[in-house]
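Just below is one structure, and these are the notes that go with it.
Order of the sequence lines sets the chain letters (A, B, ...), proteins ahead of strands, with each chain counted from 1.
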Amino acid sequence: AADESVGSMAKRLSQIGVENTEENRRLYRQVLFSADDRVKKCIGGVIFFHETLYQKDDNGVPFVRTIQDKGIVVGIKVDKGVVPLAGTDGETTTQGLDGLSERCAQYKKDGADFAKWRCVLKISERTPSALAIMENANVLARYASICQQNGIVPIVEPEILPDGDHDLKRCQYVTEKVLAAVYKALSDHHVYLEGTLLKPNMVTPGHACPIKYSPEEVAMATVTALRRTVPPAVPGVTFLSGGQSEEEASLNLNAINRCPLPRPWALTFSYGRALQASALNAWRGQRDNAGAATE
Amino acid sequence: ILAADESVGTMGNRLQRIKVENTEENRRQFRELLFTVDDSINQSIGGVILFHETLYQKDSQGKLFRNILKERGIVVGIKLDQGGAPLAGTNKETTIQGLDGLSERCAQYKKDGADFGKWRAVLRIDNQCPSNLAIQENANALARYASICQQNGLVPIVEPEVIPDGDHDMEHCQYVTEKVLAAVYKALNDHHVYLEGTLLKPNMVTAGHACTKKYTPEQVAMATVTALHRTVPAAVPGICFLSGGMSEEDATLNLNAINLCPLRKPWKLSFSYGRALQASALAAWSGKAANKKATQEAFMKRAMANCQAAQGKYVHTGSSSAA
């Protein structure tokens, strides 16, 4: 997931003391996309931000072409960020539906074969509310429907943030409610499930929860939640890494794939930070570090 | 699962066809024949759904039917719904009654030996049917029933039957079945039902009875498994199809094809048959005690055939329009 918006890239770049310019963002993505053929076995798709879809490397080769030449599918972030839901306790929905069909058609022409749309829910005493769940599920379903009308596979991302002190069980409970609403909405909007991917959070405790859980416990809670809500017709679940460290994200994904419950969908990753944190750190904005950063 | 829970009225229809009077004793006699077959029946049948009256009936030696079944390791279930009621303002659609006092009834049935319940909701395909109201209302009633069962230690069998009446094609049935099942699983989730402790008893996806187009078992299987694939979470351990108006042989052939369908099938795919297990047996019996052996053999034959079909191992014998 290399689709960080300009604002999100600002945060990443400021952490390594690099100025948030279009050129620096281009140089950084170039570091990632110049990975050699070893990457073909590990990465099947890359999610782009709009700007990046039209950028080129130092030799003038469009990034889209570099990625496609490696046999990797190009995707595009199509949502336009979160907006508040009035009358709720700080909850949001996600915008981006206006003119989405035309945008999808253009992105398809420009090389994208899948898209991604992120909705955000949070756990607190009164949240997520029924409205937030229903509204975000509905907007995800509209997005998915429009994508499919334009030959684009929608990645459906209903992220429940790990902010808070709630325990693993509460996250599981909320995740099940959210996913049930998402799949009902997808059914209501006649979305072809076999042509979608799900990008959920893993089921984890809140960041501020005093109880520690093992990867096996995270895996069991996560797979249980998915088994109760995600129809087998969905071919794959690609987890987001959220606030997890690179190593945590890998350990948890591994434990998920070793969970003894039957799992009819592929369980893999759609990671941003968990794939890029070390690379970003190794690069620190210096061309001389590009090789090491790519490695 | 053997669905032997025909209500008094429904048994009346069955018995009338073999010219047997619909008395409690006749109903008892027929059920006795089914329940006292050879012990090996427990290789093919894991559960029997009973009607209220039958739960308290005994064999000719005075032994309770439910104990006969339990001693063979067969789980006893009980029909819990109390029939249909019209939904005003719809095109002759219905919901199902039976929620009043259901918790107390479940508790009593549990004491009396039942370990699972069954509740049949009915939806039909026709002009403007099934309507949103019918789908939502029946899904909600099923979820309430399931929730109450689980509160009382009974496993709920959830039966949202889309009936085959009509001239619609198989594709239309698939579309409707997907909408209905999506609503059912959303309602079960809303009502906090523990999916791992439920079974689904759906219709197979077939054309309407009056549809002129004919479909093969493989087509029925692909449409059926696709619909389930798109709606039934993997947490549901088993799906036991109803036979509806299908002949015994068709019910077996279709179940076999379903188990051979190449799509991922994370739930067990088996049967909960009424007519498709009993039609030949009923005809062989014709109300005469002298026909006991023929009756029991006819039943055993279908039980074993469906057991094979539930593993995709059934070898077709005889014509598909039998019984």
> What pairs with A:F239 under ring pair (Phe, Tyr, Trp, His ring centres under 6.0 Å), at least two apart in sequence or on another chain?
Replying inline: none

> Is there side-chain contact between A:P262 and B:P266, with at least one heavy-atom pair below 4.5 Å?
Replying inline: no

Just list the donor-acceptor pairs under 3.5 angstrom between chain B and chain A, please.
from, atom 1, to, atom 2, distance (Å)
B:K179, NZ, A:S187, O, 2.5
B:K179, NZ, A:H190, ND1, 2.8
B:N189, O, A:K177, NZ, 2.5
B:N189, OD1, A:K177, NZ, 3.4
B:H192, ND1, A:K177, NZ, 2.8
B:E196, OE1, A:R228, NE, 3.1
B:E196, OE1, A:R228, NH2, 3.4
B:E196, OE2, A:R228, NE, 2.7
B:E196, OE2, A:R228, NH2, 3.1
B:H229, O, A:A233, N, 2.9
B:R230, NE, A:E194, OE1, 3.1
B:R230, NE, A:E194, OE2, 2.8
B:R230, NH2, A:E194, OE2, 3.2
B:A234, N, A:R227, O, 3.1
B:A235, N, A:R227, O, 2.8
B:R264, NE, A:P264, O, 3.3
B:R264, NH1, A:P264, O, 2.4
B:R264, NH2, A:P232, O, 3.4

